[in-house]
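Being a predicted model, the structure only gives us computed values, none of them experimental. Side chains are part of it too, since the values below use all heavy atoms of this structure and drop only hydrogens, waters and symmetry mates. Numbers restart at 1 for each chain; the letters A, B, ... are given by sequence-line order, proteins then strands.
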Amino acid sequence: MSISITTPLYYVNDKPHLGSTYSTLAADAYARYLRLKGNDIVFVTGVDEHGQKIQRTAISKGISPSEHCNKISSQYVDLWDNWNISNDKFVRTTSKKHRRIVEEFFLRVKEKGDVRLGNQQGWYCVGCEEYKEEVGSDKEPICPIHLKKLEWRDEENLFFCLSKYQKEIEKLISNDSFIQPISRRNEIKSFVSNGLRDFSISRIDVDWGIDVPGYNGHTFYVWFDALLGYLSALIPENQDLGLDDLINLGWPADVHIIGKDILRFHAIYWPAMLMSAGLEIPKKVFGHGFLTREGQKMGKTLGNILDPQLLLEDYGEDAIRWYLLSDIKFGHDGDFQIKRFKELVNSNLANTIGNLLNRTSSMARKWFDNKVPKYSIKDTNNSLKELSLITIDEVILFYDDLYLRECSQAILKLSSSANLYLNETAPWQLVKDDANKELVAFYLYNVLETCRIIALLINPLVPNLSINILKQLHTEHHINDWSENLKWGKLLMGADLPNPHPIIQKIE
RNA sequence: GUCAGUGUAGCUCAGCCGGUUAGAGCACAGCAUUCAUAACGCUGAGGUCGAGAGUUCAAGUCUCUCCACUGACACCA
């Protein structure tokens with residue numbers, strides 16, 4: 001039975017930024033891990049394409065909304081392609097299948113009695129495109145940001161009766177594993193404890209959206225559109241399948257990986273909507289942090305945005321993936337520092353891991369006829385093997401909880417230990433005496449095998465680099481099944497050992 | 001404003017129920033060394049643990065006040 005994991009469906013108002021890339025990289029790492037563990041998974045990403053903002057952006061550019069969406073969406077497709085993201089699905093909320101799912105979902109929720117007509121009233125700022133909650137008691141309130149008069153609006157909307165689900169949601173979020181990381185769970189809890197209110201699910205002044213069946217002039221508002229993309233993504237193209245089929249297609253999601261800004265919608269609105277529609281609830285919602293650059297928020301006004309496509313071209317996928325996933329605790333905010341980025345990539349990947357492979361492979365080739373050394377002594381006292389096996393268990397536990405930083409630290413520690421092991425056993429000294437040949441073979445084999453383990457463990461984080469290592473051990477075919485290949489001793493003694501080369505180019 | 005969180009070496013962070021001279025990795029300096037990608041290893045320098053007060057035989061670790069930053073406080077993806 002398959003399970004799905006998702007990134008957010010990115011809003012195509014503008015071209016992809018580093019934040020979206022970060023979410024996607026993390027989800028990709030987790031997806032790769034799950035596959036290696038033998039899970040049948042569906043990795044979903046995609047785009048959210050409706051709404052007034054997009055309509056207006058398109059108009060300002062003098063093109064139609066659908067032209068605009070096509071353009072930006074294809075940028076996302078290309079970007080993920082360039083980054084070798086392993087997504088199985090890329091859903092667009094303008095697709096036909098999505099519309100069908102939204103309609104079916106709506107009718108179910110309506111049937112359940114969870115939709116009502118209501119009025120969205122309040123002081124509205126056209127500039128902010130939002131209702132202002134606290135405007136004081138002025139008769140003509142002013143937007144504090146735009147310093148313009150607010151408009152009083154009284155608009156008929158459809159509402160989803162979230163308030164009915166107070167108890168169910170409280171129960172759901174009291175489950176420790178549902179919202180991660182824990183620190184954010186408290187925020188959600190306090191929010192829910194203040195009492196849930198119904199929220200609007202349609203707009204009457206937005207053309208660029210999905211029409212609400214039976215309500216002329218209404219289009220669905222974001223939450224009853226974008227979130228459902230997680231469902232429609234699972235529906236194969238051109239097949240007449242609906243909500244009842246989802247259980248066989250990967251629903252419920254194992255985890256929604258999202259940014260912390262949209263946690264509430266995923267942890268409260270979305271589960272309630274699913275309950276109403278009689279569908280299962282995702283197992284987990286993980287809200288990760290935001291990235292800053294050299295201590296400052298990235299933004300257009302500051303002109304300090306890091307373009308993911310340019311980063312990729314300048315430094316390559318392995319370097320950026322490693323830095324973002326290994327140096328930033330997943331769930332916390334992180335700061336992109338170019339100096340630190342370069343130092344860590346060079347130190348961790350090139351020096352510690354890369355050089356370990358290089359020096360060991362060189363010795364083995366030199367003294368064992370370009371082959372993996374053979375030995376026949378008993379490995380009853382094999383400290384490196386023991387450490388490798390411990391690390392495997394550790395890393396798997398970390399991956400399970402999406403502790404990606406901890407994964408990389410554990411892998412790095414094993415690499416350092418292997419380097420130290422070489423320095424302590426000093427095979428280049430032993431080899432001077434033929435009587436030690438067997439021992440030298442034993443030591444070198446252990447380190448080479450550790451390199452293979454390292455390559456497998458690191459694969460979800462830096463897949464390209466991982467394959468690169470495996471190729472240099474002639475074991476690239478080992479990369480599909482951890483339960484089979486993540487065992488000590490799978491490296492064949494006497495197998496050919498190719499001429500080693502650096503697994504990653506040092507930066508600068 | 002209310003609530004929550006964070007503030008520990010240049011950088012990124014560990015420090016559990018308070019208990020010997022405060023730790024790691026990276027960066028830096030020196031030593032050593034060649035199997036290796038000027039890599040690996042060893043040693044070292046570097047901190048009044050945001051500020052102040054209090055509790056205690058003893059506080060980075062508990063309490064209070066203050067400062068700085070971050071987040072939540074419902075329709076912003």
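- To the nearest angstrom, P of B:A38 lies 9 Å from CG of A:N358.
- Here B:C11 presents its C1' atom at 13 Å from CD1 of A:I328, a figure rounded to the nearest Å.
- A donor-acceptor pair under 3.5 Å links the side-chain atoms of A:K437 to the main chain of A:W367, judged by distance alone.
- Listed for the A:D198 side chain is a donor-acceptor partner under 3.5 Å among the backbone atoms of A:L162.
- Separating the CD1 atom of A:I188 from the P atom of B:G71 is a distance of 15 Å, rounded to the nearest angstrom.
- The base of B:C26 has none of its N or O atoms less than 3.5 Å from a complementary donor or acceptor on the side chain of A:R340.
- Going from atom CD of A:E187 over to atom P of B:A72 covers 7 Å, rounded to whole Å.
- In this structure a side-chain-to-backbone donor-acceptor pair under 3.5 Å is missing from A:Y76 to A:V12.
- Spacing between atom CG of A:D327 and atom C1' of B:G25 amounts to 10 Å, rounded to whole angstrom units.
- OP1 or OP2 of B:A77 sits under 4.0 Å from a side-chain N or O of A:Y221.
- Rounded to a whole Å, the CG atom of A:L263 is 15 Å from the C1' atom of B:C76.
- What separates CH2 of A:W428 from C1' of B:C40 is a distance of 8 Å, to the nearest Å.
- Cation-pi geometry between A:K374 and A:F368 is not satisfied (NZ or CZ under 6.0 Å from the ring centre, within 45° of the ring normal).
- With rounding to whole Å, A:Q52 atom CD is found 14 Å from B:A77 atom C1'.
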